[in-house]
Amino acid sequence: MTAATQAPPAPTVVDRVRSVRVASWATAALLVVAVVAAIALQPNLLTPYGVASTFATFLPLVLVAVAQAIVVIGGGLDLSAGAIVALSSVVAVQVMRGEDGLAAVGLAAAVGTGVACGMLNGLVVSRLRLQPLIATFASASIFSGLALLVLPTPGGTVPAILTGTFRQAIATVPMSVLLVVAVALGWLVLRRTRVLRHIRATGGDPAAAYASLVPVQTSQFASYVLSGAISGLAGLAVLGNAGSGDPFIGGDLALGSVAAVVVGGIALRGGIGSPIGAIAGAIILALSSTILFSIGLPTSWRALAAGVVVILALALSALGAPRRRR
Amino acid sequence: MTVTSPLVRLSGVHKRYGGVQALRDASLTAAGGEVHGLLGPNGSGKSTLGKVLAGSVRPDAAEIVLAGESVRIGSPRAAARLGVAAVYQQLSLVPDLSVGQNLVLGSEPGRLGFLSDRAAARRVAPVLERLTPALGDVRFDDAVRDLAPGQQQLVEIGKALLREPRVLILDEATASLHRDQVALVFDIVRELREGGAAILFVSHRLDEITELCDRATILRSGVTVAETSVPDTTPDEIVRLMVGDVQQVEREHRDAAGGPVRLRVRGLAGGALHGVDLDARGGEIVGLGGLQGQGQSELLLALFGAIAAAGDVEVDGEPVRLASPRSAARRGIALVPGDRGTQGTLPARPIQENLAIASIAGRARVGVLSTRREREAAQSMVDALAIKIGSLADPISSLSGGNAQKVVFGKWLLTEPSVVLLDDPTKGVDVGAKAEIYRIVRGLAEQGATVVINSSEDRELVTVCDRVLVLFEGAVRATLVGDEITEERLVQAALRIGEGTQGAATGEDAA
Ligand SMILES: Nc1ncnc2c1ncn2[C@@H]1O[C@H](COP(=O)(O)OP(=O)(O)OP(=O)(O)O)[C@@H](O)[C@H]1O
Ligand SMILES: [Mg+2]
């Protein structure tokens, strides 16, 4: 449509790949297949304990996938999401010192750290206009470095209230399931805001959005800040799971979240898709590594599995797509 | 003029893009209650000047006075606060959002950061309703990407109207519209004029200028060269002010009845097409007429294999598989699409590559490309079509609208096609280049090619066609031949068929 005035020259093949989009039925189909296969291979997944602990391990990836989805819909990319998770989790651990009374402070510290990281990313991308890929790749090493300064070796104790809450259930529904549902509901509220509409418009066509009075730079900035805040929450979820701090956590979360976003039907070129899809994508990816684990493949195959799932999702959509004129 | 000070005054506007001086000391003055034409050849800086006023381009220097006050317009938001709204030549719609979301984009109603769809629907309802006669059944929730180019253009206009501007810039807002739609836009513009607004109107269609504009400013190479009162200036003078002396292309119609049939179509159906029959001879220029959206574009796209359709198509007696543009191109079929934005170009790639891409196969030796020959071929088209470019290495996105269209045209000419399908080929092209394109089209026909042309301008069909097929609901319903092709007859034929009274023009397909 608009020959964007500041459109960066990009190779057409890359453009094509970026605009490929997984159909939502393909995401749904993969989700069903993954769930069925996982249950068939590991029947104890269905026990209350199984559901609770599976969802607990999903939660960080689900949150980071939502964080990534918001940035990608806004036309950006956040390769530092995993490092933000690590940094905010170790900051929270140090702040809480294992005391239940400081849990709320820990929550604030985690989210605050995420917001600060998001602001840095947002400033660099929207004001300095660096490519998101490069900018967040660089900031990822800054955040990882900081995480090591805050907590040089894995350790520290997480307040019992946090780990305990994580294992609780409300009316027999495990807390971890409720939290995933809460994330989805949170999105349903968020997407009705002006900020998110503007983020979507900016990702869809920045030049058109700018001409339509959308504050494009502010929207880009906001997408990274929001994303950072959610990654900060993911840091807390990691702590709740692990029971202690680890500065090296989250190494594969960034790429995992990008894969989840793609599997969830969000085009990397921006503007389309919904974090609900990304949540489904995260669950599909997490389940597929569960499946691999239960058939005896080592965890080091996880990256390969993620790649296979992404390709499968894209292939499925291509098969089902009606012939469209271009 | 009146004693009141003008509503808009732009002066000393300079803007440079890399090596291209888009504007140098351009100026423009328009009063409230005036439709002010902004004229000039492709690349003369009309859009750039409009964008300076709309705040989406920052000029190197400019003085802007609005209602007697000197203002600085640093962004589209600043322009909006001052009551300036623009309809951009390259539309400013976000295709992934719905019609309603686009209409209110940037000024969404809501509370505490939350959007109210109901308030938005209420706000856009009057504008959507006003546009309905031309827009058709388009709803608040429809996706913009699914609309036809003309409908998108109308949504873009609606977006500007919603701002209730006192200065409205219409940059080739009518180029992709058909007669009935243009009439509605004119009505709206006249209402705004009554209300005291100043409208800057950019168009390459001379009849629109003479019909609508009170005064006009004429740009050449980024400089304001004249300002005239339109009713007191003859169309010929306007053209001369714009492009100097162009030799107008006279209507010319040849009788190609002798040659063999080159393109033969039987029962082509699918989508908007319901059984099209067509025979065209080598050397013949066949036009597609009728009301808007009766399958003209679809016919061309189907022949090119770009949309799915079934039927028998032969070129020189050999059947053509309607599988893909590649198989069509291999049979010597070329299509110059009307929507250059999405179908015609790779916007971020260099001009040279865009010009050369379709004819690569003809130039490559055992699969190896020669950059030198590619450059020569591209340069020959730049010269032949007088395309105004900085360098062959610049991306298409740096070209003015009309020049981008010429690149699309040149790309297909380089393939030396035997059947040339033209879908509104001179949309947004200036009068001088239009004449040049008509000559090239005739030249192609004289060399034996068959040309099928769809146009939103009746005058274009009258000027170049040997025969015009009038389409209605996806089928050929009447044919005009030779001297029967006049603007009146075209309008009549289109309308009569639309009303159901057949036989306005001579019977069935003559060939
Ligand atoms: N973003 C850009 N980058 C580089 N050059 C540009 C850009 N926009 C416009 N130009 C150049 O500035 C000149 C004026 O362009 P402009 O679009 O204002 O012309 P125009 O009069 O609107 O032409 P048309 O009738 O074809 O729309 C052209 O030579 C064009 O190539
Ligand atoms: Mg223009």
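Quick note on labels: first sequence line is chain A, next is B, and so on, each numbered from 1.
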Would you name the heavy atoms of Ala69(A) and Ile266(A) that are closest together and state the gap between them?
-> CB-CD1, 3.5 Å
Chain A heavy atoms under 4.5 Å from Leu115(B): which part of the residue, side chain, backbone, both or neither?
-> both
Distance-minimising heavy-atom pair for Gly55(B) and Ala79(B) = N-CB, 4.3 Å
Any side-chain heavy-atom pair of Leu268(B) and Leu303(B) under 4.5 Å | yes
Just by distance, do the side chain of Asn102(B) and the backbone of Val99(B) share a donor-acceptor pair under 3.5 Å?
-> no
Honestly, the part of Phe114(B) sitting under 4.5 Å from a heavy atom of chain A is both
Heavy-atom contact with chain A under 4.5 Å, split by part of Ser75(B) | both
Among Ala209(A), Ser212(A), Gly204(A), residue most engaged with chain B (heavy-atom pairs, under 4.5 Å) | Ser212(A)
